[in-house]
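Keep in mind that what you see is a predicted model, and the values were worked out from it rather than measured. Just so it is clear, the values below take in all heavy atoms, side chains as well, and ignore hydrogens, waters and symmetry mates. All residue numbers in this chain count up from 1 along the given sequence.
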Amino acid sequence: MSEVYVESEFAPLRTVVLARSEVAVPATATSSDDMRFLPADSLRENPVGGDMRDLAPARQARWEREREAFREVLERHGVRVHRPRALTAAEKAAAGADGYANFFARDPFFTVGRHVVEASMRFLHRRREVLPLRPVMLDHVYPADCAYVAVPVPEVAAPDDPALGPGPFLEGGDVLVLGDRVFVGTSGLASNPLGIRWLDKLLAPHGHTVETVRLHPRMLHLDCALGLVREGLLVVCEEALPDGLPDALKDWDRITVDLERAARLATNGLPLGPDVYVTDPAFAFVGERIESFGVRVEYVDFSVTRSLGGSFRCSTQPLLRRF
C-alpha cells in the first residue's frame, strides 16, 4: 500500500511528484498586473499566446533537460518520483484563450500530515492544472491511509473584477508544514482569506494550527519568500513579510535575501532531508551559507524553470516526508 504523510518541509523526502513541462501563457499576460511577481526579463524570455513547445522549441527542450537533471538528483538520493500525465488535446482546447499549464506540481494540490488537498487556483490558465495529476491520485493516494479532499470550486467572477472573484483560492506554494503548525501565505495573487479559512476548518479538528502570513504584493506564494531548510534554519526575504516572521520561527537562524533575489526564487530550494538541500548555482551565496551550518548542497541549473515563476519546491509536491 502507498504511504502518504508529510511531517514537515525538511523531513526526509521519500516520495514526490515532479512536474512536467507544459505551458501556454495567455497573450494577456504581458499587460496584466497579476504578472508583477515575474522579473521583467522573464516576461521577455518566454513566449505568450501559445504553447512553448510550438513557439520556442529550443527553450522547451532546455526546460525539459533541467527537470530531468533534477530528477536524477532526486533518484540518486533514493527519492521515489512520480510524474503527472501530459495534458490532452481536449484539455488544451477547452482552455481556449485563458491558456493552460502543467508545470508546477506544488500548487494544484498539497499534502499536510495525512491530508491530500486538491487546491483552488486563482490564475485562469492554471484552473485545470490538477487534472493531469489525477492518475497519481488514483494510483498512490486512493489506496493510502489518508484523507483526500478538494477546496470548493471558486465562484465565477465578473469580467471586470481584477481579483477574479471571491474564490476560495488556496494554492500549495502558499502552504508550509511544520508538524502540527501550517503557515499559509497571502499576497493577493494566489491564496486568499476565504481559502485559508476553509483550510483551518478542515485541519483544526485534527490538531493542526493554521497561521496566515501576509506577503509583499510582488510575491506569488509564501515559498517565494520563506524556505525551511532544517529545524532551526531558514532562508527568508524579510522585505517580503510585512508582519515579520511567524513567532514560531523568530528564534531560528536565518539566511536573508533581498526582494529582487526572492523574486528570482532564491528561497525556493528543496530540502531532501535535514542534511541535503537543492538549489540553483545562481544562488551559490545561499548554498555556501547553508553549507556553513553542516547541510550538504546540490546544485542544478533551473534558469528556464525559474523564469516561469517557480523553482525546485514549486516543481515538486511530496507525498511522503517523514523521519
Do [X] and [Y] have side chains that approach each other closer than 4.5 Å (heavy atoms only, starting at C-beta)?
{"X": "V278", "Y": "L272", "value": "yes"}
{"X": "T111", "Y": "L319", "value": "yes"}
{"X": "P274", "Y": "E231", "value": "no"}
{"X": "R214", "Y": "L241", "value": "no"}
{"X": "R106", "Y": "L270", "value": "yes"}

Between [Y] and [X], is the closest basic N to carboxylate O distance under 4.0 Å?
{"X": "E68", "Y": "R83", "result": "yes"}
{"X": "K250", "Y": "D247", "result": "yes"}
{"X": "R76", "Y": "E298", "result": "yes"}
{"X": "R20", "Y": "E129", "result": "no"}
{"X": "D280", "Y": "R306", "result": "yes"}
{"X": "D107", "Y": "R126", "result": "yes"}

Output the distance between atom [atom1] ([X]) and atom [atom2] ([Y]), rounded to the nearest 0.5 Å.
{"X": "L194", "Y": "F169", "atom1": "CG", "atom2": "CZ", "answer": "9.5 Å"}
{"X": "T305", "Y": "F103", "atom1": "OG1", "atom2": "CZ", "answer": "10.0 Å"}
{"X": "N192", "Y": "L170", "atom1": "CG", "atom2": "CG", "answer": "8.5 Å"}

Quick one: ring-ring contact (aromatic ring centres under 6.0 Å, His included) partners of [X], sequence neighbours excluded?
{"X": "H77", "result": "none"}
{"X": "F10", "result": "none"}
{"X": "F302", "result": "F70, F312"}
{"X": "Y277", "result": "none"}

Enumerate, atom names and distances included, each donor-acceptor pair closer than 3.5 Å involving a side-chain atom of residues 172-182, sequence neighbours excluded.
from : atom 1 : to   : atom 2 : distance (Å)
D174 : OD1    : L222 : N      : 2.8
D174 : OD2    : S191 : N      : 3.1
D174 : OD2    : S191 : OG     : 2.7

Of R128, R53, K92, which meets salt bridge (Lys or Arg N to Asp or Glu O under 4.0 Å) against E22?
K92
Atom pairs and distances, side-chain donor-acceptor, residues 285-294, under 3.5 Å, sequence neighbours left out:
from : atom 1 : to   : atom 2 : distance (Å)
S292 : OG     : R289 : O      : 2.5

Residues two or more places apart in sequence or in another chain: which of them pass side-chain contact (heavy atoms from CB on, under 4.5 Å) with [X]?
{"X": "S21", "value": "Q60, W63, E64, R67"}
{"X": "R80", "value": "T15, H82, H140"}
{"X": "A24", "value": "Y100"}

Might you work through the salt bridge (Lys or Arg N to Asp or Glu O under 4.0 Å) test for R321 and E9, ending with a clear yes or no?
CA-CA 8 Å; R321 259 195 190 278; E9 295 297 312; 5.6 Å; no
For R122 and D34: C-alpha separation, side-chain torsions, deciding distance, then whether salt bridge (Lys or Arg N to Asp or Glu O under 4.0 Å) applies.
CA-CA 10 Å; R122 180 172 171 271; D34 275 351; 3.1 Å; yes
For [X] and [Y], work out which heavy atoms get closest and say how close.
{"X": "A119", "Y": "V151", "value": "CA-CG2, 4.0 Å"}
{"X": "L259", "Y": "A240", "value": "CD1-CB, 4.1 Å"}
{"X": "V4", "Y": "R114", "value": "O-NH1, 3.5 Å"}
{"X": "F183", "Y": "A248", "value": "CZ-CB, 4.3 Å"}
{"X": "L131", "Y": "E91", "value": "CB-OE2, 3.7 Å"}

Check the orientation of Y148 and Y142. Use parallel for under 30°, tilted for 30 to 60°, and perpendicular for over 60°.
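Y148 and Y142: perpendicular rings.
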Test side-chain hydrogen bond (donor to acceptor under 3.5 Å, both in side chains) on R59 and S307; report intermediate values, then the result.
CA-CA 11 Å; R59 190 168 182 80; S307 75; 3.0 Å; yes
So, S303 versus R62: side-chain donor-acceptor pair below 3.5 Å or not?
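Yes, R62 and S303 have a side-chain donor paired with an acceptor closer than 3.5 Å.
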Side chain to side chain donor-acceptor pair (under 3.5 Å) against R65, all qualifying residues, sequence neighbours excluded:
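Expected list: none.
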Evaluate the criterion salt bridge (Lys or Arg N to Asp or Glu O under 4.0 Å) for residue pair R230 and D275; output intermediate values, then yes/no.
CA-CA 8 Å; R230 61 155 171 76; D275 53 355; over 6 Å; no
Considering only residues two or more places apart or on different chains, which pairs with a residue in residues 219-228 satisfy side chain to side chain donor-acceptor pair (under 3.5 Å)?
E171-H221, D223-N268, D223-R313
Neighbour count above 12 (heavy atom, 6.0 Å) for R197 CZ:
no
How about D54: does its CG atom have over 12 heavy atoms from other parts shown lying under 6.0 Å from it?
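More than 12 heavy atoms, drawn from other residues, nucleotides or ligands, come within 6.0 Å of this atom.
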What pairs with R44 under salt bridge (Lys or Arg N to Asp or Glu O under 4.0 Å), at least two apart in sequence or on another chain?
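For R44, no residue satisfies salt bridge (Lys or Arg N to Asp or Glu O under 4.0 Å) once neighbours in sequence are set aside.
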